[in-house]
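To start, the structure itself, in structure tokens.
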Amino acid sequence: MKLRINGNSLRLRVSRSELTRLMQTGRLEETIRFAPEKDATLTYALEQSADHDAMTVRWRPQQVAVLLPHEEARKWSEGDQVGLYRDCHVGDEILALLVEKDFACLDGTQADNEDTFPNPNKGAVC
């Protein structure tokens, strides 16, 4: 799972096998370590939720999780929809949440594109 933070937006991109695992287990999780200290980590997760009717975010110290309603996750995983998008109010600000299927790069190597979704623009002429 890829994490991208840009300004006040949080974007997760998932591969084919990760999306399968999300649908089977209900959760994907990655942890990044920034320094040798035990608490110098950030865990980011994507999980299905029975308690929410819209995509949202949950913050705990050193953890951020994007929560997807079960039915929304199912439709997205089974269909051609590229991603799920929602602006969440966090206090007086907006946090843009983006969860997308990870498509193959058109100019990447085969190794870069392993386990990605087929790019719908493959073969397109500019």
- Using the test side-chain hydrogen bond (donor to acceptor under 3.5 Å, both in side chains), find all partners of Gln48 that sit at least two apart in sequence or belong to another chain. His70

- Message: Among residues at least two apart in sequence or on other chains, which ones pass side-chain hydrogen bond (donor to acceptor under 3.5 Å, both in side chains) with Ser49?
- Response: His52

Run the side-chain donor-acceptor check on residues 20-27: report pairs under 3.5 Å with partners two or more places apart or on a different chain.
from	atom 1	to	atom 2	distance (Å)
Thr20	OG1	Arg16	O	3.2
Thr25	OG1	Arg21	O	2.8
Thr25	OG1	Arg27	N	3.3
Thr25	OG1	Arg27	O	3.1
Arg27	NE	Glu29	OE1	3.2
Arg27	NH1	Glu47	OE1	2.2
Arg27	NH2	Glu29	OE1	2.5

Is any side-chain heavy atom of [X] closer than 4.5 Å to a side-chain heavy atom of [Y]?
X: Arg11; Y: Glu100; result: yes
X: Val66; Y: Tyr44; result: no
X: Val64; Y: Leu10; result: yes

- Task: Indicate the atoms forming the closest heavy-atom contact of Pro69 with Ala54, along with that distance.
- Result: CG-N, 3.4 Å

- So which heavy atom on Trp76 is nearest to which on Val14, and how close? CH2-CG2, 3.6 Å

Please tabulate, for side-chain N and O atoms in residues 87-97, each donor-acceptor pair with protein atoms closer than 3.5 Å (sequence neighbours left out).
from	atom 1	to	atom 2	distance (Å)
Glu93	OE1	Asn8	ND2	3.2

- Pairwise distance NZ(Lys2) to OG(Ser15) - rounded to 0.5 angstrom: 9.0 Å

- Note on the structure: d(Glu30 CD, Leu28 CG) to nearest 0.5 Å is 8.0 Å

If you look only at distance, which donor and acceptor atoms sit under 3.5 Å apart when one is on a side chain in residues 31-41 and the other is two or more places apart or in another chain?
from	atom 1	to	atom 2	distance (Å)
Thr31	OG1	Thr43	OG1	2.9
Arg33	NH1	Glu37	O	2.9
Thr41	OG1	Gln62	NE2	3.4

- Is there a path from Leu67 to Leu19 through hydrophobic residues (I, L, V, M, F, W, Y) whose side chains come within less than 4.5 Å of each other? no

- Task: Check salt bridge (charged side-chain N to carboxylate O under 4.0 Å, His left out) between Glu72 and all other residues, then give those that pass, not counting sequence neighbours.
- Result: none

- Message: Could you walk me through whether Leu12 and Leu98 satisfy the side chain to side chain contact (heavy atoms under 4.5 Å, CB included) test, starting with their C-alpha distance in whole Å, then the side-chain angles of each, then the deciding distance to 0.1 Å, before giving a yes or no?
- Response: CA-CA 6 Å; Leu12 298 174; Leu98 304 88; over 6 Å; no

- Are the side chain of Arg13 and the backbone of Lys101 linked by a donor-acceptor contact shorter than 3.5 Å? no

